[in-house]
Amino acid sequence: MVSARASGLPRWVLVPAAAGALFIVLPLVALASRVQWGSFWSLITSDSSREALLLSLRTSAAATVLCVLLGVPMALVLARTSFRGQGLLRSLVLLPLVLPPVVGGIALLYTFGRKGLLGETIDVLGLQIAFSTTAVVIAQTFVSLPFLVVSLEGTLRTAGQRYETVAATLGARPTTVLRRVTLPLVLPGLAAGAVLSFARALGEFGATITFAGSLEGVTRTLPLEIYLQRESNPDAAVALSLVLVVVAVLVIGLVRGTRGVSA
Amino acid sequence: MVSARASGLPRWVLVPAAAGALFIVLPLVALASRVQWGSFWSLITSDSSREALLLSLRTSAAATVLCVLLGVPMALVLARTSFRGQGLLRSLVLLPLVLPPVVGGIALLYTFGRKGLLGETIDVLGLQIAFSTTAVVIAQTFVSLPFLVVSLEGTLRTAGQRYETVAATLGARPTTVLRRVTLPLVLPGLAAGAVLSFARALGEFGATITFAGSLEGVTRTLPLEIYLQRESNPDAAVALSLVLVVVAVLVIGLVRGTRGVSA
Amino acid sequence: MTLRLTATVAERDVDVSLDVEDGRTVALLGPNGSGKSTVLSVVAGILRPDAGRATLAGTTLFDVAAGTWVPPHERGTGLLAQDPLLFPHLDALDNVAFGPRSAGARRGAARETARTWLGRVDAAELAGRRPSELSGGQAQRVAIARALAADPRLLLLDEPMAALDITVVPAMRQVLRTVLRGRSAVIVTHDVLDALLLADHVVVMEAGRVVEQGPTKDVLARPRSTFGAGIAGLNLARGTTDGGGVRTAGGLLVAGIHDDETVPDGVAAVAVFSPGAVGVHRERPGGSPRNVFAATVRELEPRGSQVRIRTDEVAADVTAPVVAELDLAPGTEVFLAVKASEVAIYRA
Amino acid sequence: MTLRLTATVAERDVDVSLDVEDGRTVALLGPNGSGKSTVLSVVAGILRPDAGRATLAGTTLFDVAAGTWVPPHERGTGLLAQDPLLFPHLDALDNVAFGPRSAGARRGAARETARTWLGRVDAAELAGRRPSELSGGQAQRVAIARALAADPRLLLLDEPMAALDITVVPAMRQVLRTVLRGRSAVIVTHDVLDALLLADHVVVMEAGRVVEQGPTKDVLARPRSTFGAGIAGLNLARGTTDGGGVRTAGGLLVAGIHDDETVPDGVAAVAVFSPGAVGVHRERPGGSPRNVFAATVRELEPRGSQVRIRTDEVAADVTAPVVAELDLAPGTEVFLAVKASEVAIYRA
Amino acid sequence: GSSDDAAAGSSSDGPRETTLTVYAAASLKSSFTEIGAAFEKANPGVSVTFSFAGSADLVAQIQQGAPADVFASADTANMDKATADDLVEGTPADFATNTLEIATPPDNPADVDSLDDLADPDVTVVVCAAEVPCGAAAAGVEKAAGLDIRPVSEEQSVTDVLGKVISGEADAGLVYVTDVRGAGDKVAGVPIPESADVVNTYPIAALAGSRNPDVAKAFTAYVTGPEGRSILTAAGFGAP
Ligand SMILES: Nc1ncnc2c1ncn2[C@@H]1O[C@H](COP(=O)(O)OP(=O)(O)OP(=O)(O)O)[C@@H](O)[C@H]1O
Ligand SMILES: Nc1ncnc2c1ncn2[C@@H]1O[C@H](COP(=O)(O)OP(=O)(O)OP(=O)(O)O)[C@@H](O)[C@H]1O
Ligand SMILES: [Mg+2]
Ligand SMILES: [Mg+2]
């Protein structure tokens with residue numbers, strides 16, 4: 001019944017860990033050092049930048065919610081059941097990761113586009129997906145979903161199902177077990193997965209431009225804006241990237257702070 | 001001491017899970033249905049495609065190894081120690097995810113390029129990193145590392161450190177504990193993280209083209225080849241994407257098969 | 001709530017058949033690994049047997065042949081497993097309230113129930129603690145409260161007294177007596193007192209099979225299995241009838257008094273005698289005792305005013321002065337003598 | 001390997017000071033939550049105390065004031081925790097071999113050692129099993145083997161006999177006796193027999209403090225703490241001296257024989273008497289016994305040829321015929337009588 | 001400094017294996033691959049490798065010391081950046097021009113046959129964003145024609161515009177003549193006379209950091225010369 005932080009890690013682990021941290025942080029520093037701070041403020045507060053940022057935050061949040069709604073059940077099914085073809089399904093779920101995002105966008109066009117697989121169904125429903133903000137959310141969800149599923153499945157397997165069994169013997173129905181035992185126990189893993197998904201959605205570019213297009217205020221998210229700026233004004237692009245980075249740090253920090261991931 | 005699969009999931013979980021699976025699988029089906037199978041074979045066996053595929057596999061494998069070497073220590077430090085600024089570091093580690101890959105590539109150029117932060121140091125060492133195959137590996141590692149770190153940290157936290165404590169009381173030094181207890185216990189999570197990293201590296205495009213360029217046989221990986229093909233021959237691009245997908249499924253399946261992730 | 005169970009779990013080499021009459025408590029005894037927890041798991045529905053069926057109050061819990069399987073939460077059984085496994089994310093109170101809430105009680109009412117149960121197991125002051133902040137015995141008490149609060153039709157308790165300190169065991173036994181009154185229950189225990197004080201019936205398992213069962217008093221007074229005798233604190237020799245005694249597989253003849261004088265030779269039988277009836281000598285005794293065995297002292301266990309001398313096969317109770325006089329210590333070679341009139345022989 | 005320990009763990013309200021002389025075994029007794037496991041954790045180095053220091057054979061294990069802290073794996077202490085916590089990814093053999101391997105043995109040699117230890121705890125046939133395939137008692141045996149195989153300088157055992165069936169307990173005690181010979185050890189137990197048979201010294205803890213310590217025989221014969229008396233099976237009344245007896249906080253006067261007649265009134269003292277010396281009556285008895293208490297029977301515990309009658313405060317041992325004659329059952333109102341000559345009074 | 005030995009290797013000793021690295025805009029991929037092959041045939045011992053990417057990417061890489069010998073840009077703006085940083089050897093030469101055309105799906109579902117039709121709100125139009133060359137050109141054409149086109153999307157590149165048209169998602173898009181030709185029968189082209197006013201120019205230059213300055217110059221000459229010209233013309237490019 002005793003747990004303690006007394007055991008500790010081997011010291012040498014710090015060396016590769018620091019190397020890894022430097023490997024990620026140095027490029028960010030290099031990026032920051034190239035920003036022309038004089039014009040930074042005016043640049044990032046321009047209408048188009050602000051609108052792109054807000055759009056990015058809205059769509060990424062929506063995509064993360066969708067990822068959680070679809071991804072948690074998928075991870076549960078992969079971790080807690082076994083059926084023929086499960087291995088194949090697990091690999092398929094990973095594919096949006098592998099697919100270059102632009103090709104992912106093409107695939108989405110072929111599916112939800114006007115002449116796509118579901119095009120007619122969608123037309124009948126009177127929905128207009130292409131070139132809309134909905135399309136951005138779909139593209140972001142498509143590329144982010146695997147993150148949540150894969151990382152949550154790993155956590156579920158590591159957590160095991162002993163407590164779920166106990167809950168069942170206490171008369172809890174499967175839904176109750178899920179809500180009151182399984183999910184609270186894997187919360188750190190779920191939070192990690194959601195953060196991954198959110199981050200991936202925030203940075204999404206290729207699938208969005210291919211599937212949703214790029215129109216200010218409707219589909220032009222911050223990464224798209226950064227791309228455009230880069231054509232005419234590389235400095236602005238770098239500055240905007242930093243904004244993206246800072247926003248991401250803030251949002252992630254906020255989520256972590258309120259949900260208490262750091263157990 | 002009893003564990004069983006008897007408790008089960010609530011049925012309704014299958015509905016969103018199936019929806020999620022469809023959401024991912026349908027676009028892949030749509031993609032496959034558009035491939036012109038007639039010219040498929042000649043297309044994917046062309047010299048440039050083959051070379052790009054092999055290069056992709058080599059570099060992604062190298063990047064995955066690098067990710068494991070750097071990422072496992074990072075995850076350990078994040079999960080098993082606490083220090084001031086840890087939250088900030090954790091957020092920073094996520095940033096390559098958020099950064100649009102092209103901007104990531106620029107950041108890498110600013111760091112490892114000839115005029116970059118480390119440019120002179122690297123020049124003195126007589127190394128030429130940018131625009132070489134090494135650069136591809138660096139770009140892929142940069143974008144993939146966060147996946148491994150974040151998903152492994154979640155698993156480490158879920159697993160807790162009770163067994164590590166027991167091992168220490170049995171006289172095991174921290175390195176022994178790490179090797180014989182911690183790592184075996186989180187193997188499912190580590191495998192999941194490595195698979196994520198590999199998949200992300202395989203699909204990496206933006207940072208590579210910016211930082212490493214697109215030289216056939218040296219830096220032109222399959223996603224770059226796909227991108228180029230799309231300029232002239234969109235069908236070829238789709239066909240090549242499918243190749244990427246199939247290769248990814250095979251590699252992931254192989255890794256899973258031998259490592260026994262499905263506990 | 002009568003339970004009728006037959007089940008086979010091939011992987012663990014367990015094959016049992018067991019009944020619990022309505023309102024009765026059955027004590028399940030047996031050595032480690034004999035399959036006690038396995039039986040409870042099968043009844044609770046967290047382990048699927050390879051064959052068999054079970055009914056509780058007439059409704060089927062499972063029937064392998066018919067393909068019926070009622071999931072654990074619909075069985076009305078409540079299991080206290082061997083490992084407390086308190087939910088780490090809930091405090092003690094919410095752990096105990098989990099059962100009532102799952103049964104549909106509102107949060108406030110469930111917490112009220114939980115508070116009552118925590119009080120009954122003398123753990124009221126632990127209500128706000130997380131499981132990681134409980135000692136082993138405290139966790140066990142909370143786990144007991146959690147199992148009881150779920151108020152199942154059939155209660156399955158796996159070593160409920162484990163980890164409890166001896167000063168609270170009598171009180172806990174009292175609580176269980178009250179709870180078990182009029183309720184069907186199976187209780188796994190290693191303590192004969194639990195069997196005597198809580199159970200009407202005893203079932204003894206060895207190596208996955210039921211080797212003996214019957215009313216508690218009968219089994220403990222006239223055990224037919226080695227383990228039954230061991231837990232009753234009696235010596236038991238198993239063999240076949242041979243004249244006025246039992247001949248063991250080792251060739252030894254234990255003389256005694258037949259239960260039923262008409263039994264022919266060669267029938268499987270056991271000879272049972274109490275440690276108090278065994279005399280200990282340093283020299284081979286002459287005179288009346290018909291049974292004399294050479295043995296080596298393995299252990300001396302003080303028991304109140306007496307000391308139990310354990311040898312490999314037979315135990316003897318003697319008084320402390322005798323121990324001093326004979327200078328007994330582990331390793332001493334002794335002769336053990338039992339009068340035939342103190343040995344009861346009956347069919348196994 | 002002399003251990004000297006003083007430690008305070010504020011969060012758990014534990015504040016102890018404890019010595020284990022070289023080669024001796026100390027039994028640590030106490031009610032649930034009294035801090036026994038906490039003490040072992042501090043010594044083993046898996047819990048940092050808020051104050052105090054400890055040395056083992058002269059070398060410092062920790063010294064909070066000086067900021068010294070030796071990590072667990074360098075302490076030479078071995079801990080068998082209350083929860084077996086076998087490594088789930090290793091089979092039983094490799095679990096046991098873990099200690100030797102960590103100490104630098106080669107795989108083959110370590111496995112050989114492990115096999116020997118598994119044999120000694122009667123678990124040789126479990127070598128190839130994963131922990132998830134072991135019963136509770138089997139897992140405990142493997143955990144014992146694992147702790148012993150690590151061959152520490154100071155052995156810390158937390159309830160080693162928990163979950164073991166009573167037929168293997170004597171054998172396991174025998175194993176521990178052999179292992180503990182000449183080795184320093186602390187053993188936490190709820191069983192007085194373990195203390196008697198394995199330990200030279202007894203330390204009794206209550207509510208995070210050491211309330212009593214001394215040679216095993218002394219503590220069990222003349223307990224000064226309620227728990228000490230409880231585990232020794234004796235009745236104890238605590239209060240202050242008052243004439244020829246002890247006056248309890250409740251105002252009751254227990255007459256007895258003073259250890260030391262010169263003790264003045266008003267000194268903290270305990271009155272101790274054995275359950276065998278207590279007479280049970282349905283009517284208030286006249287005549288000689290100076291101490292008569294009214295009480296309600298709570299429980300009847302058969303103990304061999306006798307039955308222990310438990311009331312809220314006092315226990316009495318009577319024979320079975322007496323129980324029948326007086327028609328005793330839980331709830332019966334009785335009078336308990338003890339002759340003053342049977343009550344020993346000494347300073348607490 | 002490094003250019004001397006490389007030059008020495010290629011100049012006097014006749015046909016030794018020399019590798020020429022050409023950084024070219026992605027839109028030039030088909031024509032430059034063809035030109036490269038022809039150049040190799042004409043110059044035994046020389047092999048040409050290409051790095052194709054967006055012009056902005058290429059400039060950034062050249063600025064960071066990429067080992068390039070020749071740079072062919074899809075617009076003058078990016079070449080100007082290279083010139084401004086003294087990365088170019090001599091002055092860049094214009095080698096091709098390109099003008100806009102309307103691309104529609106083959107069956108032209110919205111019956112687009114002139115620029116005016118694009119202003120019809122019922123027609124789904126995509127164009128390039130003003131920040132990229134094709135977008136600047138589109139804005140120019142729009143202004144010249146005095147129209148107000150409301151696109152549903154302002155794409156980052158011609159390829160993205162074409163993608164939307166090919167998939168049938170958009171009814172029409174404004175792209176370069178060469179792109180319509182390159183897409184074959186996947187799209188139909190509707191020429192627009194107004195485009196003559198807004199011409200996009202492609203410059204090429206040998207780079208200062210080249211290890212094979214002679215070969216680099218030879219290649220630029222080859223591209224601007226008759227052989228290059230004919231291949232480019234075949235792909236739909238105009239003369240500079
Ligand atoms: N998950 C499992 N897989 C395979 N065998 C198992 C598993 N769990 C237990 N066993 C084996 O099944 C047998 C019965 O185990 P069970 O846990 O029912 O014993 P038990 O009577 O409860 O013992 P204890 O008194 O030690 O708790 C044992 O031999 C054990 O090793
Ligand atoms: N992690 C913890 N955080 C805070 N308090 C704790 C923690 N673990 C135990 N405690 C408390 O510290 C006290 C001592 O606990 P400890 O585990 O040492 O008791 P113990 O004597 O071993 O009891 P038991 O016989 O039940 O095992 C108890 O009151 C317990 O509730
Ligand atoms: Mg068991
Ligand atoms: Mg404890």
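Note that the structure is a prediction, hence the values are computed from the model and not measured. A, B, ... follow the sequence lines: proteins, then strands. Residue 1 opens every chain.
- The residue among B/Ala18, B/Pro96, B/Ala199 with the most heavy atom pairs within less than 4.5 Å of chain A is B/Ala199.
- Between chain B and the options A/Thr155, A/Val186, A/Thr175, heavy-atom pairs under 4.5 Å are most frequent for A/Thr175.
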**Step-by-step side-chain contact (heavy atoms from CB on, under 4.5 Å) determination, B/Leu97 to A/Val195** = CA-CA 10 Å; B/Leu97 269 176; A/Val195 163; over 6 Å; no
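- In plain terms, the two heavy atoms of A/Leu95 and B/Ala248 that are nearest each other are CD2-CB, 4.1 Å.
- Minimum heavy-atom separation, A/Leu70 to B/Ala19: CD2-CB, 4.0 Å.
- A pairwise comparison of heavy atoms in B/Arg34 and A/Lys115 identifies NH2-O, 3.2 Å as the closest pair.
- In this structure the side chain of A/Leu244 reaches within 4.5 angstrom of the side chain of B/Pro100, judged on heavy atoms.
- Inter-residue side-chain proximity for A/Tyr110 and B/Val238 is flagged as met; some heavy-atom pair is nearer than 4.5 Å.
- Here B/Thr141 is the residue among B/Thr141, B/Val247, B/Leu88, B/Thr169 with the most heavy-atom pairs under 4.5 Å with chain A.
- Proximity of A/Leu92 to B/Ile24: side-chain heavy atoms (C-beta onward) are nowhere separated by under 4.5 Å.
- Counting heavy atoms from C-beta outward, B/Leu178 and A/Pro10 have side chains that approach closer than 4.5 Å.
- Nearest heavy atoms, A/Ser241 versus B/Val103: OG-CG1, 2.9 Å.
- Contact count versus chain B (heavy atoms, under 4.5 Å) is highest, among A/Ser33, A/Ala237, A/Ala30, for A/Ala30.
- Ranked by heavy-atom pairs under 4.5 Å with chain A, the list B/Leu242, B/Val177, B/Leu89, B/Ile138 is led by B/Ile138.
- Using a 4.5 Å heavy-atom threshold, the side chains of A/Leu28 and B/Leu99 count as touching.
- Below 30°, between 30° and 60°, or above 60°: for B/Phe23 and A/Phe142 the angle between ring planes is above 60°, a perpendicular geometry.
- When every heavy atom of B/Leu69 is checked against every heavy atom of A/Pro16, the shortest pair comes out as O-CB, 3.8 Å.
- Considering only heavy-atom pairs separated by less than 4.5 Å from chain B, the leading option among A/Gly20, A/Gly203, A/Pro27, A/Gly154 is A/Pro27.
- Of the listed residues A/Leu108, A/Leu196, A/Leu118, A/Leu117, the one with more heavy-atom pairs under 4.5 angstrom with chain B than any other is A/Leu196.
- Side-chain contact check for B/Pro174 versus A/Leu9: every heavy-atom pair is 4.5 Å or farther apart.
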